[in-house]
Structures are given as structure tokens and as C-alpha cells.
There are 2 protein chains.
Amino acid sequence: MNAEPRWRRRKADRPGEIVAAAIAVFTERGFAAARIDEIAARAGLSKGAIYRYFDTKEALFRAVVTDAVRPNVRKVLDTAAAWQGGVPDLVRMLLPTVAGLAMKLPVGAVLKMVIGESRNFPELARVWHDEVVQPALSLLMRLIAEGQARGELRPGDPRTHAFSLMAPMLLGVIWRETFTPLGAGDVDLPAVARQHVETVLAGMETRR
Amino acid sequence: MNAEPRWRRRKADRPGEIVAAAIAVFTERGFAAARIDEIAARAGLSKGAIYRYFDTKEALFRAVVTDAVRPNVRKVLDTAAAWQGGVPDLVRMLLPTVAGLAMKLPVGAVLKMVIGESRNFPELARVWHDEVVQPALSLLMRLIAEGQARGELRPGDPRTHAFSLMAPMLLGVIWRETFTPLGAGDVDLPAVARQHVETVLAGMETRR
DNA sequence: ACCATTGATGACCCAGCGGTCAACAAGTCG
DNA sequence: CGACTTGTTGACCGCTGGGTCATCAATGGT
């Protein structure tokens with residue numbers, strides 16, 4: 001008679017679906033304000049079932065970060081590692097690439113969440129730091145030191161130079177998440193990336 | 001017999017004490033996780049009494065922003081307005097000043113809070129934007145445009161140039177609030193300010 | 001067909017917290 | 001000193017939401 005059962009057992013597919021729903025809800029509401037009930041509803045199952053796959057809300061967040069962000073970080077790092085050529089040109093290419101990625105990934109929302117909840121949930125900040133910030137920062141610092149050693153870049157603390165290069169990207173991402181929804185002007189990330197990298201490199205390169 | 005009454009009426013002093021306690025608790029816990037009870041305890045009165053002075057949690061936050069931050073923003077803006085001299089030199093002085101202010105004010109904590117809670121409490125973000133971000137940004141944009149008109153600075157979108165200048169300051173502030181407590185390296189804000197402003201100005205100025 | 005297994009349900013528990021309010025007591029005025 | 005005003009208390013309400021668990025039913029093996 002009736003064709004559709006009220007529910008099905010689909011152990012293998014559940015985790016991915018739950019994480020996908022969690023990404024959406026976490027980025028929309030933030031960690032603390034995200035309701036497990038809502039994640040469950042969007043994933044098409046009940047709250048109780050989620051606890052069969054993730055022990056706690058924090059465990060679920062950890063899965064979100066590793067699933068959604070790590071692969072993309074890897075991709076950028078690999079591209080940089082394979083580069084043959086001058087450091088300035090690599091940087092010139094890297095920033096717009098990052099800007100492009102940030103446009104179509106939930107990086108901004110996750111970043112905002114990590115920043116906002118770091119006091120109450122230090123674990124979240126640690127995961128983000130270890131998975132994303134630390135690898136990216138040390139790559140940049142290595143590149144800058146290399147560029148200085150080869151005489152392509154002027155001297156100066158590599159960490160600070162890395163900040164000089166990356167900060168506007170991050171600020172732009174945060175801006176788009178925080179102020180643009182309120183009606184403040186939008187930020188054209190790739191355009192910022194292009195102008196900024198040229199400005200800073202003009203001050204960093206030993207010759208133009 | 002007994003000397004001390006269980007409580008005193010001190011209508012005039014209460015608001016200031018409540019706001020001071022609120023600054024502490026908000027910056028420690030974030031807006032959503034801050035408990036009115038805890039603010040009351042630190043201010044030395046009961047929760048109910050707080051509602052005689054502030055109608056809601058959001059109203060209390062608004063008072064925090066205006067009390068703690070606005071005076072300092074005013075000070076920086078006034079300093080800049082009174083400046084007689086070249087735009088590059090003004091910028092050269094402004095960034096370390098801002099860095100110094102950010103070291104001893106709860107700017108970072110408030111900023112973090114605003115970013116983290118902007119989705120759930122857009123009012124907070126709007127207050128911050130109108131009181132702090134908008135005035136500071138338009139000042140910088142005006143300065144940059146003026147420098148360009150006087151031939152001191154190269155062309156380029158003033159808004160993006162403002163981002164290039166200020167972003168590392170903000171990133172540094174956020175870093176100190178988010179990752180330093182986890183054991184990640186600290187950031188010497190004034191040092192970053194000095195090196196960054198020279199790097200960027202080297203790329204922005206028409207002649208050195 | 002039947003049972004054992006186990007993915008999934010949804011009612012439930014309970015702690016936390018924003019906000020309220022009747023009662024109380026510290027000031028104040030004459 | 002007594003009466004009125006009002007700043008302050010603290011118990012209380014209503015609701016929310018993370019996490020639990022007895023129960024059920026889809027599934028796979030035989």
C-alpha cells in the first residue's frame with residue numbers, strides 16, 4: 001500500500017549531510033546561537049540522530065572546519081610550493097587567488113565565528129589556527145625571507161611583512177560579513193587585492 | 001548597633017559603575033554569553049536594579065560603546081584635523097598613535113564582539129559602524145584624496161588605500177585577542193605600525 | 001517468514017538566563 | 001519622630017536549547 005517509509009537507515013551518507021547543514025547554520029547564526037534542532041531539520045533527520053554521529057556541538061564544529069576549509073588551504077599551499085619564479089610575482093598571483101577563494105567559500109563566516117567565540121570556545125580558535133592560520137602564515141614568512149635572501153625584497157621583519165600583505169584581504173572578508181549586510185558599501189575583494197598587492201610590492205621590492 | 005546598612009541609594013554613581021562592569025564582562029564573554037547577573041554582581045548591586053538604568057541588554061551595550069570608545073575616536077580625529085603639514089607625515093604619525101591607543105583600550109575586545117555577534121545583533125554592528133568605523137574611514141579617505149590632489153600620493157582608489165593602511169592594525173588587534181591567549185606568538189602592535197607604514201608609504205608616495 | 005540488530009525518533013529532563021514585580025528599607029522632608 | 005518617596009532586592013516566570021533515553025521500525029541474515 002504505502003510506498004515511503006517514515007525514515008531510512010543511511011549510516012554512510014549521514015555525516016556528510018549533517019556537516020553540510022551545520023556549515024549553513026553555523027555560518028548563519030554563529031556557534032553559540034546555532035540550534036542543533038535546526039541543523040537536524042536541514043539535514044533531514046532528528047536531533048537525537050545527530051548525537052549518534054557527533055558527541056557534542058564542538059565536535060560537530062571541528063568537523064565543519066576540517067571538511068570545509070582544509071582542502072582549500074591545501075590547494076593554495078600546493079600551488080605556492082610548485083611555483084617556479086620570483087617571489088614578488090608569486091605574491092602578485094597569490095593574493096587575487098585567495099581573494100577569489102574567499103568570495104565563494106564560507107571562509108568569512110567561519111572566520112567571524114572563530115573570532116567571536118574564541119573566548120568562550122578556545123578549542124574552535126585552536127582548530128582554526130592550527131589548520132589554517134599557522135600553515136598560511138609560515139608559508140608567507142618563508143617566501144618573504146627567501147625573497148629577501150635573493151635580494152628581491154627589502155629587509156624587515158617577515159612576520160610583519162606578511163601582515164602587511166594579507167591583512168587587507170582578511171579585513172575585506174570580515175567587512176563583507178559584518179557591515180555590508182547593514183547597508184555599508186560593499187568591498188570588491190579582487191579589486192582590493194590587485195591594488196593592494198601593487199602598492200605594497202612597490203614599497204617592498206628592491207627594484208621596479 | 002549595626003553600622004553598615006545592607007545597601008545604599010546612590011543613583012548618580014550607578015550608571016558609570018554598571019557600564020564599567022559591563023565593559024569587563026562583555027569583553028570577557030562576548031555579548032550573548034555575558035550574564036546580566038554577573039554584571040550586576042561586579043557592579044555591586046542586583047540584577048533588578050540594573051533594569052532601572054538600562055531597559056535591555058542591547059541598551060547597555062550601546063552605552064558601553066559610546067562611553068568607552070567614542071571619546072578616543074574623537075581625540076584621534078581632532079588631532080588629525082588640527083594637523084598642519086604633509087599627508088604622508090600625518091599618516092606616519094597616526095598609525096603608531098592608533099596602535100598605542102589600541103594597546104590600552106578595550107578596542108580589540110569590543111571589535112571582536114561586534115564582529116562575532118553582528119548576525120544575531122545587527123544593532124551592535126550598526127552602533128560600532130556609525131560611531132567608529134565610518135568616521136575613521138572617511139577621515140582617512142579624505143586625507144588620501146587630499147594627498148593625491150597635492151601630488152604627494154600616487155593615484156588609486158582611496159578606500160582601498162585606506163584599507164591597505166589600516167588593515168594590519170586591526171588584524172593585529174584581533175590577533176592579540178584571538179590567538180595570543182592560545183599560546184600563538186604575540187604581536188608588537190607599535191612595531192608593526194612603524195614597519196608597515198613605512199612599507200606602504202614607500203609604495204604610495206610619489207617621491208622619497 | 002521471522003528474528004536480531006541498530007539507525008532513528010521525539011518526548012522529556014533540566015539548567016541557564018533575560019526580564020518582571022511585589023515587598024522592603026534607605027533617604028528625605030516637615 | 002513619622003510619613004512619604006524611591007532606589008534596591010531577590011524570588012519568580014517563561015522560555016530556550018543541549019543532551020538523554022525508552023521505544024520503534026527499517027534492514028539484513030537465515
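One can place CD1 of A/I36 at 16 Å from C1' of C/dT9, the figure rounded to the nearest angstrom. Here D/dC15 presents its P atom at 17 Å from CG of A/D37, a figure rounded to the nearest Å. Atom pair B/I39:CD1 and C/dG18:P shows a separation of 8 Å (rounding to whole Å applied). In this structure, the CZ atom of B/R29 is 13 Å from the P atom of C/dG16, given to the nearest Å. The distance from atom CG of A/D55 to atom C1' of D/dG19 is 11 Å, rounded to the nearest whole Å. Atoms CG (B/L60) and P (C/dG18) sit 11 Å apart, rounded to a whole Å. Look at CG on B/L45: it is 17 Å from C1' on C/dC24, rounded to the nearest Å. Atom-to-atom, CZ of B/R9 to C1' of D/dT5 comes out at 7 Å; the value is rounded to the nearest Å.
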**Asked** Passes side chain to side chain contact (heavy atoms under 4.5 Å, CB included), A/V173 versus A/L189? Steps please.
**Response** CA-CA 8 Å; A/V173 165; A/L189 266 190; 3.8 Å; yes

**Request:** Decide yes or no on side chain to side chain contact (heavy atoms under 4.5 Å, CB included) for A/R142 and A/L139, but give the supporting numbers first.
**Result:** CA-CA 5 Å; A/R142 197 152 22 87; A/L139 165 71; 4.0 Å; yes

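Two residues, B/G48 and B/A32, neighbour DNA chain C, and the one matched to the more 5' nucleotide by heavy-atom proximity is B/A32. Nearer to the 5' terminus of DNA chain D, by closest-nucleotide assignment, is the contact made by B/K11 (compared with the other of B/R6 and B/K11).
In this structure, the side chains of A/V76 and A/N72 stay at 4.5 Å or more apart for every pair of heavy atoms.
OP1 or OP2 of C/dG7 has at least one side-chain nitrogen or oxygen of A/R52 nearer than 4.0 Å. For the OP1/OP2 pair of D/dT27 and a distance below 4.0 Å, the side-chain nitrogens and oxygens of A/R8 include at least one atom meeting the criterion. At the phosphate of D/dT8, OP1 or OP2 sits under 4.0 Å from a side-chain N or O atom of B/R14.
Distances from the side chain of B/S46 to the nucleotides D/dG18, D/dA26, D/dG10 place D/dG10 closest. Of the candidates D/dT20, C/dT9, D/dG7, D/dT20 carries the atom nearest the A/Y51 side chain, counting heavy atoms from C-beta on. Of the candidates D/dC24, D/dG18, D/dT9, the closest approach to any side-chain atom of A/K57 belongs to D/dG18. When each of C/dA8, D/dT8, D/dT6 is scored by its nearest atom to the side-chain atoms of A/Y53, the top-ranked nucleotide is C/dA8. Across C/dA8, D/dG19, D/dT9, the shortest atom-to-atom separation from the side chain of B/W7 is found for D/dT9.
For C/dG19, its base sits under 3.5 Å from the side chain of B/K47 at one donor and acceptor pair at least.
A/A34 comes within 4.0 angstrom of the backbone, heavy atoms only, and of no base. Residue B/F54 is out of contact with every strand shown, counting any heavy-atom pair closer than 4.0 Å. Nucleic acid contact for A/R35: sugar-phosphate only, since backbone atoms but no base atoms lie under 4.0 Å from a heavy atom of the residue.
Of the charged side-chain nitrogens involved, at least one lies within less than 4.0 Å of a carboxylate oxygen, so that A/R42 and A/E38 count as a salt-bridged pair.
No side-chain donor from either of B/K112 and B/T178 sits under 3.5 Å from a side-chain acceptor of the other.
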Side chains of residues 179-188 of chain A: which donor-acceptor partners sit under 3.5 Å, not counting sequence neighbours?
| from | atom 1 | to | atom 2 | distance (Å) |
| --- | --- | --- | --- | --- |
| A/D186 | OD1 | A/R176 | NH1 | 3.2 |
| A/D188 | OD1 | A/A191 | N | 3.4 |

